[in-house]
Amino acid sequence: QVQLVESGGGLVQPGGSLRLSCAASGLTLDYYAIGWYRQAPGKQREAVSCINSKDELTYYTDAVQGRFTIARDSAKNTVYLQMNSLKPEDTGVYYCAAESTPYDCSNYVYFNYDMNYWGKGTPVTVSS
């Protein structure tokens, strides 16, 4: 049974940092493109970042480019999203997702495509 479990969310002041984790069981993340998505209150879910399965290339939506970093730890079968310089508009529930594809994952971010497997999300609140 495939499970993706997010953790690391919480309340942080503007300008602060958080590191989200996505731990997988039932699949080996190395063979999957991994995406991070978020859903702000009253808004549609949007893709914020992804990492390719083969070449580790990473992609970010313009809103988080330069502030967020996605990275994979193969030994721990975990993907992280380091979030720096957080803004109130980063508030939302953050989800990790996985897609079994050998292809570039950029379209998942640029066109907000959904992936196959999803976690239940971790909430992030950026507020003073």
Side-chain angles (χ1 to χ4, degrees):
Q1 182 182 359
V2 174
Q3 271 196 317
L4 299 174
V5 180
E6 303 93 337
S7 62
L11 173 64
V12 63
Q13 292 188 339
S17 297
L18 284 174
R19 188 178 77 158
L20 305 183
S21 300
C22 173
S25 59
L27 58 82
T28 301
L29 289 182
D30 281 359
Y31 304 125
Y32 289 77
I34 306 301
W36 281 97
Y37 295 71
R38 68 185 179 189
Q39 187 166 20
K43 294 190 176 180
Q44 277 192 311
R45 187 172 58 199
E46 63 171 345
V48 296
S49 180
C50 72
I51 183 168
N52 281 349
S53 60
K54 291 195 171 182
D55 57 20
E56 300 289 285
L57 286 177
T58 59
Y59 299 93
Y60 303 91
T61 192
D62 288 348
V64 308
Q65 179 75 48
R67 299 187 297 121
F68 290 13
T69 304
I70 188 171
R72 189 196 307 267
D73 185 333
S74 299
K76 295 183 178 180
N77 207 28
T78 298
V79 171
Y80 301 99
L81 185 68
Q82 178 67 41
M83 306 188 297
N84 298 330
S85 302
L86 283 162
K87 304 175 181 180
E89 51 263 43
D90 294 318
T91 293
V93 179
Y94 282 70
Y95 302 87
C96 72
E99 177 78 25
S100 177
T101 174
Y103 302 114
D104 196 86
C105 70
S106 57
N107 283 344
Y108 290 91
V109 173
Y110 299 153
F111 298 106
N112 202 30
Y113 292 157
D114 278 352
M115 293 187 172
N116 278 341
Y117 301 104
W118 291 86
K120 294 185 178 181
T122 185
V124 171
T125 302
V126 184
S127 175
S128 54

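Both backbone and side-chain heavy atoms feed into the values below; hydrogens, waters and symmetry mates do not.
If you take CD1 on Ile34 and CG on Leu81, they are separated by 12.5 Å, rounding to the nearest 0.5 Å. Here Tyr80 contributes atom OH and Leu18 contributes atom CG; the two are 15.0 Å apart, rounded to the nearest 0.5 Å. To the nearest 0.5 Å, atoms OG1 (Thr58) and CZ (Arg72) are separated by 11.0 Å. In this structure, the separation between CG on Leu4 and CG on Leu27 is 6.0 Å, given to the nearest 0.5 Å.
Cluster membership for Tyr110 and Tyr37, using ILVMFWY side-chain heavy atoms within less than 4.5 angstrom, is shared. Note on Tyr95: it clusters hydrophobically with Phe111, by side-chain heavy-atom contacts below 4.5 Å among ILVMFWY residues. Trp118 and Val93 fall within the same hydrophobic cluster, where Ile, Leu, Val, Met, Phe, Trp and Tyr residues are linked whenever their side-chain heavy atoms come under 4.5 Å apart, directly or through other members. In the hydrophobic clustering of ILVMFWY residues, with side-chain heavy atoms under 4.5 Å counting as a link, Val2 and Tyr31 come out together.
Remark: side-chain polar atoms of Asn77 are paired, donor with acceptor, to backbone N or O of Ala24 under 3.5 angstrom. Counting only distance, with no hydrogens or angles, the side chain of Ser53 and the backbone of Pro102 share no donor-acceptor pair below 3.5 Å. Without hydrogens or angle criteria, Asn52 side chain to Asp104 main chain gives no donor-acceptor distance under 3.5 Å. Thr101 contributes a side-chain N or O that, together with a main-chain N or O of Tyr103, makes up a donor-acceptor pair within less than 3.5 Å. Counting only distance, with no hydrogens or angles, the side chain of Asn84 and the backbone of Ser17 share no donor-acceptor pair below 3.5 Å. Judged by distance alone, the side chain of Ser49 and the main-chain N or O of Tyr59 form a donor-acceptor pair under 3.5 Å. Glu6 contributes a side-chain N or O that, together with a main-chain N or O of Cys96, makes up a donor-acceptor pair within less than 3.5 Å. The backbone N or O of Ala63 sits nowhere less than 3.5 Å from a side-chain atom of Asp90 that would complete a donor-acceptor pair.
The heavy-atom pair separating Met115 from Glu99 by the smallest distance is CA-OE1, 3.3 Å. When all heavy atoms of Ser106 and Cys50 are compared, the pair lying nearest together is N-SG, 4.1 Å. Shortest non-hydrogen contact noted between Cys22 and Leu29 is O-CD1, 4.0 Å.
Inter-residue side-chain proximity for Pro14 and Val126 is flagged as met; some heavy-atom pair is nearer than 4.5 Å. The closest side-chain heavy-atom distance from Phe68 to Leu86 is below 4.5 Å. Looking at heavy atoms from C-beta onward, Leu20 lies out of side-chain contact with Arg38 at the 4.5 angstrom threshold. The side-chain heavy atoms of Val48 and Ile70, taken from C-beta on, include no pair separated by under 4.5 Å. Using a 4.5 Å heavy-atom cutoff, the side chains of Thr69 and Tyr60 are in contact.
Applying the salt bridge (Lys or Arg N to Asp or Glu O under 4.0 Å) test to pairs two or more places apart or on separate chains, those with a residue in residues 110-121 are Arg45-Asp114.
Remark: Asp62 CG is loosely packed, at most 12 non-hydrogen atoms of other residues, nucleotides or ligands lying under 6.0 Å away. Counted within 6.0 Å of CD on Gln44, heavy atoms from surrounding residues, nucleotides or ligands total 12 or fewer; the atom is thus considered open.
When only modelled atom types and interatomic distance are considered, Asn116 and Tyr32 share no side-chain donor-acceptor pair under 3.5 Å.
Aromatic ring orientation, Tyr113 versus Tyr108: perpendicular (interplanar angle above 60°, classes split at 30° and 60°).
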